[in-house]
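Just so we're on the same page: letters track the sequence lines, and every chain starts at 1. Both backbone and side-chain heavy atoms feed into the values below; hydrogens, waters and symmetry mates do not. Keep in mind that this is a model prediction, so the values were computed, not measured.
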Protein chains: 2
Amino acid sequence: MAGIEDVAKLAGVSTATVSRALAGKDHVSERARQKVEAAAAELGYVASHSAYTLATGRNRNIGVIMPYVDRWFFATMLETMESTLIEHGYDLTLYNLSGGKMQRDKIFKDFLGRKRVDALLSVAVNPSADELDTLNRLQRPVLGIGGPIQGARSLAMNDFSAGKLATEHLISLGHRKIANLGGYTGSDLEFNQANFRTLGHLDALKEAGITQNPAWKMECDYTIPGAFFRTKQLLGDPRNAPTAVFCNSDEMAIGVIMAVKDLGLQVPQDVSVIGIDNHDLSEFFGLSTVNQRVREQAKTATMWLLEILDDADPDVRVNRHESVEWPVSLLVRSSTARPATEA
Amino acid sequence: MAGIEDVAKLAGVSTATVSRALAGKDHVSERARQKVEAAAAELGYVASHSAYTLATGRNRNIGVIMPYVDRWFFATMLETMESTLIEHGYDLTLYNLSGGKMQRDKIFKDFLGRKRVDALLSVAVNPSADELDTLNRLQRPVLGIGGPIQGARSLAMNDFSAGKLATEHLISLGHRKIANLGGYTGSDLEFNQANFRTLGHLDALKEAGITQNPAWKMECDYTIPGAFFRTKQLLGDPRNAPTAVFCNSDEMAIGVIMAVKDLGLQVPQDVSVIGIDNHDLSEFFGLSTVNQRVREQAKTATMWLLEILDDADPDVRVNRHESVEWPVSLLVRSSTARPATEA
DNA sequence: AATCTTTTATAAAGCGCTTACATAAATTTC
DNA sequence: GAAATTTATGTAAGCGCTTTATAAAAGATT
């Protein structure tokens, strides 16, 4: 494979000139630049990335760390981040935490320390104290998205407010009997940022003076089947059924809609359903939701990180806690309406 | 940040010993190894990856190139590949082609040439002649999965056989009126390997002596909503409706099931439905399908690539065309049954 | 024509590791 | 116990680029 010396020889200049010409820098005559470009093209030369990195200290590579990749929210985030990064000349190295504790440890201990990435995009991960320490030791910008990261910047929607917004919509329609499908509250590492949406929900109920039936606050695994079976359970006894369900995610809301239909009931006539996310399938299901514009969010975060990286001022690149709240909005479709009992 | 010299100084040995000790190589005394390990731990030292790469020529990094990431098949492949790679000490760099033609060109022209990856896992991509050329010039192992790659190894199921298998199942149940939801056949770059499943379907019909109503061979975009609306169309006229639908993917099959229910009909009593994939949601929908065990497939391919990379014989690492067929099997659940008209 | 600027090109010094080769220490063999 | 062998350690030469200091060429100024 051709190296910089081959190009220099063919173009009849020094390697320094080749380097400058190809990097688009000053102090290269037009004539030399053309010769170099022609030679590089002829040899199919592309500068070795590791040599570039070793010489400059720059990787042009961003690490993305997320707890799953085969879920809509994460896959969508990832796809948008990748496109944005490629467009700006950056590679994306994926670190996926779904492989269990040992793998998670390996990623934090061995991989992140290798100085292979210029910065880190951390999507909805909840690092432990040790992991936080590793992150800080990296001395590289870290940007949290989909949830805050201690001691680092973050861009995330306010899960509490989003949950409150959704529930307030239901209340404003006249619903008083409102169920919630939320998340597990297991170990710290498993803690899901989205669980805060339930807190917002509860706050909205409290402000409206509504006392909730404890059976209507259900834990669920954020999947369609999970929500489906929970709903069957929830609506099993018609005398004690809610008139509306707020789900912490659209995927669960879709499961709820399916279950309602399966029971021979109708959405929104018999049960109103609202979720959070604006999932790609939500429009199809006519689901009312809180739109968190995942793609724009991912793009904005990625661009922000790139700006931080480009900043000449090293002080700016030092991490500081600087949370930016990503605005969300209610998106009313056809899955929510006034409760029938009110009519 | 600590470098190898710092560790050497602290441990009271030379950098060569540090390198050998940390790489777990021979010719290091137990005493020295322990001193080095202690020093490395104290300083939080991890070898710089670019220096390692420059010195050894190895990246310990695999490129994964795929047309989408926010679809179940691809996201699942990706997640499994990542876990498998991390487990074996490799990073994963993602190249996603969904960003359009310009981005695709950029990836092939600029990124792949950077010698940043040791090998490439190409998931269901159909490279053009030029792109194939780039791939070959890389002089790195390439393994196709989810579809063959010219001049390279591949591990993939036989889409033709899978389509045939699914349709034969329907025929063996007594169905003669069978529709198919398949893919677009647009430009070469957009060509979807999964479209071959339709060819297998047609072959099965032909062998059974069935002449298909041309209106029952429908193009569809491999999504749930797409299949939903196609099905409404297909079953709109009951006098001219098929008794079974074979879908090139489970996602479409799910859309079909929803549409059938929405029309007040039942699966499988009124319409049998079968797909291909064994999507995570297929069990929930009771969908009969051709199981292609995506996770095992991804893991097998990744391990194979790693073995090729580990092989001392450089001849083995040279690419050759060596297609391995991934076996699939029929998985009958409750969405297929004998046609009612036969009873 | 001689001097001073400005522009363009080069030589060479790293970047932080690995590893072949050289050397020293420990072990075995006669 | 000396020679031969094995094992441990160190020295230094790369790996393939970028970039700083330096020199050469070209232009501008007297």
Counting heavy atoms from C-beta on, name the nucleotide in C:dC17, C:dA9, C:dT8 closest to the side chain of B:Tyr45. C:dC17
Which heavy-atom pair separates A:Ala75 from B:Asp70 by the least distance, and what is that distance? CB-CA, 3.7 Å
Heavy-atom check, side chain of B:Asp91 versus side chain of B:Arg60, under 4.5 Å: no
The nucleotide from D:dT19, D:dC15, D:dA12 with an atom nearest the side chain of B:Thr15 is D:dA12
Reckon A:Ser29 touches a base, only the sugar-phosphate, or nothing at all at heavy-atom distances under 4.0 Å? sugar-phosphate
Any base atoms under 4.0 Å from A:Ser19, or only sugar-phosphate, or nothing? Heavy atoms, all strands. base
Rounded to whole Å, NZ of B:Lys9 lies from P of D:dG10 at a distance of 14 Å
Within the modelled atom types, does a donor on one side and an acceptor on the other bring the side chain of A:Arg20 and the base of C:dT10 under 3.5 Å apart? yes
Report the distance from atom CG of A:Leu22 to atom P of D:dG16, rounded to the nearest whole Å. 17 Å
Heavy-atom distance under 4.5 Å between the side chains of B:Val64 and B:Met66, does that happen here? yes
Once you round it to whole Å, what is the distance between P of C:dT18 and CZ of B:Arg60? 12 Å
Rounded to whole Å, the CG-P distance (B:Asp26 to D:dA8) equals 8 Å
Figure out the CZ/P separation between B:Arg114 and D:dG16, and round it to whole Å. 18 Å
Starting at atom CD of A:Glu5, determine the distance to atom P of D:dG14, rounded to an integer number of angstrom. 12 Å
Report the distance from atom CZ of A:Arg116 to atom P of C:dC15, rounded to the nearest whole Å. 22 Å
Donor-acceptor pair, side chain of B:Thr53 and main chain of B:Arg58, under 3.5 angstrom: yes
Within 45 degrees of the ring normal and closer than 6.0 Å to the centroid, is that where the cationic atom of A:Arg104 sits relative to A:Phe108? no
Would you check if there is a donor-acceptor pair between the side chains of A:Ser83 and A:Thr80 at a distance under 3.5 Å? no
Side chain of B:His27: nearest nucleotide among D:dT7, C:dT18, D:dT18? D:dT7
In whole Å, I'd like the distance from the NZ atom of A:Lys25 to the P atom of C:dT8. 16 Å
State which of D:dT19, C:dA9, C:dC15 makes the closest approach to the side chain of A:Ala55. C:dC15
Return the angle between end axes of the helix from C:dA1-D:dT30 to C:dC30-D:dG1, with five pairs used per end and rounding to 10°. 40°
Let's see if you can work this out: which of C:dT10, D:dT11, C:dC17 has an atom nearest to the side-chain heavy atoms of A:Ser14? C:dT10
Using atom types as modelled and distance alone, determine if a side-chain donor or acceptor of B:Asp110 lies under 3.5 Å from a backbone N or O of B:Ile107. no
Assert: residue with more 5' nearest nucleotide on DNA chain C, out of B:Ala16 and B:Ser50, is B:Ser50
Heavy atoms only, 4.0 Å cut-off, all strands: where does A:Ala23 land among base, sugar-phosphate and nothing? nothing
Are side-chain N/O atoms of B:Asn96 and B:Ser98 paired as donor and acceptor at under 3.5 Å? yes
